[in-house]
Amino acid sequence: MSTNANFEKFDPRSGEVLASYKNFSQDEVFEVVEEAHNAAIRWQEFGFTARKRVLLRWASYITKNQKQISQLIESECGKPLGDATLEVSIAIDHISWAAKHAQQIMRRQDRPSGLLMFNMKAQVQRSPVGVVGVIGPWNYPIFTPMGSIAYALAAGNAVVFKPSEFTPGVGKWLADSFAQVAPFENILTTVTGLADTGKALTQSRVNKISFTGSTRTAKKVAASCAESMIPVVLECGGKDPVIVEKDADIKLAAEYALWSAMANAGQSCIGAERVYVVESVAEEFIDVITKMAKDLKVGKDYGPATMPSQLQVIQSHLDNAASKGAKFLVGGSDSIKGAFVEPVIMIDVPEDSTAMTEETFGPTLAINKVTNTDEAIRLSNASNYGLAAAVFSKRNGEKIASQLACGMVSINSVFLFAAIASVPFGGIKNSGYGRIHGAEGLLEYTYARTVVKTRFKIPLKFTSFKRTKLSEKVLTTLIKKIHGRNLKNKS
Ligand code: NDP
């Protein structure tokens, strides 16, 4: 049981206490969820047009106060203000997209009833699930949870949001800002706290949990939710590969791969962690990216590790790679300086080292040469993770992309699928399941209700004790006619 004390949030750059936040107890979380259930009924009745108006006003409110929220993100995460501003902009765009498309995505659909049931009308309706619990991470504290919050709200659900203990202020700001435009209370509530607060949410009466964070915690969340059959969306980490083909624009590939790996101090689930570069262009690629990495200014281009315990993970991956024979071209095992990590570029990194198998979540990049594209694809897919990937090739990008075992691929670019609201975001394997963003993401916060109706009566009854032999004969004859002829086709 968590205590009902407050907890303090520090600036990761200076260690200075920024503010103190309420640590919601289990009972308090349960109470908030009950209030959210009442709000959910009213919010659903509110209808698509009215909800759209509220959500678009929220998007405008955040836009108007973009500087304030960006500064808060900067101080809680330690990231540069420009990165925080970019994150807020993309989050705003997601709210707007979800608000504008919810009605169309959730429209009733007529479905063909088939020859056997030709007298029936068949329909699929969509309803919001009720109350969605969102458990968010600290690396993109507005962009990431917004992929669940905005879509769940647009679908007609109430949301209870548990932000990471490293970004409680951003979480609170989101609920406070929504309150400025909300027609009534408890549509979006934030419960700040530590891990036990998140756990309480998974044990509450929420109808769905949308989680972003580590695979380890995702498994705990899924296990807890299984107790009461609460469905979950799990957006976990990755070990994202970048494939550089021989016909790639090498400078562009180096520039984007470097940014993908190092921006936000490498704390991006969709950030590059491994590069597979085809031998014939490897030297040029490594030369360009190494020069670029040496020019990076730590503290200006990216900030410190937001979560201090991550530094041990980064250190252990660097040590493991070094002990297994990796060569360091930029930085090395001594690159961690206080809360900051200087850029690290390694080559010839053994595939069984933790720097290649586990999520590092730091500004490090492992580059391995491959003899051809097939090898690059095979090694990319050998990971236990399957979140995203990037491919650099002028001619073969789409062909390579189609063979990658992951949820998202960008060709000659990095990250940008996250900024396109219409496409789903999520992974496979240890990177999780379910999707946020796009129609698929919105539908996660709904359930399908099938409704079938008799359009006209026919003299045959199948679901009655008054069923006749004639009905059975008609049924078997029809089935034979429709499905019985395929055995004749041998090929
Ligand atoms: P966690 O997965 O532990 O935390 C993510 C969220 O889950 C936080 O809000 C956390 O709350 C909450 N939480 C923790 N324990 C529970 C629980 N038992 N039940 C319900 N909710 C819980 O990630 P960390 O912040 O500890 O980071 C660890 C690693 O996860 C990183 O090193 C990185 O590899 C990965 N990660 C991946 C992210 C991604 O975008 N996919 C984002 C963040 C981390 P609280 O913060 O209060 O503990």
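Atoms within each ligand, like the ligands themselves, are counted from 1 in listed order. All values below were derived from every heavy atom in this structure, side-chain atoms included, with hydrogens, water molecules and symmetry-related copies excluded.
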Can you find a protein heavy atom under 4.0 Å from atom 4 (O) of ligand 1?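 No, no protein heavy atom sits under 4.0 Å from atom 4 (O) of ligand 1.
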Under 4.0 Å from a heavy atom of [X]: give me the atoms of ligand 1 that qualify, with their elements.
{"X": "E359", "result": "33 (C), 34 (O), 35 (C)"}
{"X": "G193", "result": "47 (O)"}
{"X": "V221", "result": "19 (N), 20 (C)"}
{"X": "G136", "result": "6 (C), 8 (C), 9 (O)"}
{"X": "G237", "result": "41 (N)"}
{"X": "I135", "result": "6 (C), 7 (O), 9 (O), 12 (C), 20 (C), 21 (N)"}

[atom]: which protein heavy atom is closest, and how many Å away?
{"atom": "atom 1 (P) of ligand 1", "answer": "T217 OG1, 3.5 Å"}
{"atom": "atom 39 (C) of ligand 1", "answer": "C269 CB, 3.4 Å"}
{"atom": "atom 10 (C) of ligand 1", "answer": "K162 NZ, 4.0 Å"}
{"atom": "atom 18 (N) of ligand 1", "answer": "K220 CD, 4.1 Å"}

Relative to ligand 1, is [X] under 4.0 angstrom through side chain, backbone, both or neither, heavy atoms considered?
{"X": "F211", "answer": "side chain"}
{"X": "T212", "answer": "both"}
{"X": "E165", "answer": "both"}
{"X": "M307", "answer": "side chain"}
{"X": "S224", "answer": "neither"}

Among [options], which one has a heavy atom closest to [atom]?
{"atom": "atom 43 (C) of ligand 1", "options": "P137, G198, A218, A223", "result": "P137"}
{"atom": "atom 30 (O) of ligand 1", "options": "G432, G213, G266, S214", "result": "S214"}
{"atom": "atom 40 (O) of ligand 1", "options": "N139, L201, T360", "result": "N139"}
{"atom": "atom 41 (N) of ligand 1", "options": "C236, G271, G171", "result": "C236"}

Side-chain (S60) to main-chain (L56) donor-acceptor, under 3.5 angstrom: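 Yes.
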Got a second to check how far W173's CH2 is from I62's CD1, nearest 0.5 Å?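 W173 CH2 to I62 CD1: 5.0 Å, rounded to 0.5 Å.
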Would you give the length of the straight line joining atom CD of E358 to atom NE2 of H317, rounded to the nearest 0.5 angstrom? 5.5 Å
Are more than 12 heavy atoms from other residues, nucleotides or ligands located less than 6.0 Å from atom [atom1] of [X]?
{"X": "E351", "atom1": "CD", "result": "yes"}
{"X": "Q180", "atom1": "CD", "result": "yes"}
{"X": "K199", "atom1": "NZ", "result": "no"}
{"X": "E185", "atom1": "CD", "result": "no"}

Would you say V313 and F361 make side-chain contact, with heavy atoms under 4.5 Å? no
Over 60° means perpendicular and under 30° means parallel, so classify the ring planes of H437 and F143, tilted if in between.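 Rings of F143 and H437: perpendicular, as their planes differ by over 60°.
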Which label fits W138 and F166: parallel for a plane angle under 30°, tilted from 30 to 60°, or perpendicular past 60°? perpendicular
Does ligand 1 have an atom under 4.0 Å from some heavy atom of T144? no
Taking every non-hydrogen atom, the tightest pair across A355 and V349: CB-CG1, 4.3 Å
Does ligand 1 come near enough to R216 that some N or O of the ligand is less than 3.5 Å from an N or O of the residue?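 Looking only at distances, the answer is no, because the N/O contact criterion of under 3.5 Å is not met.
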Ring-face cation of K162 near F24 (centre distance under 6.0 Å, axis angle within 45°): no
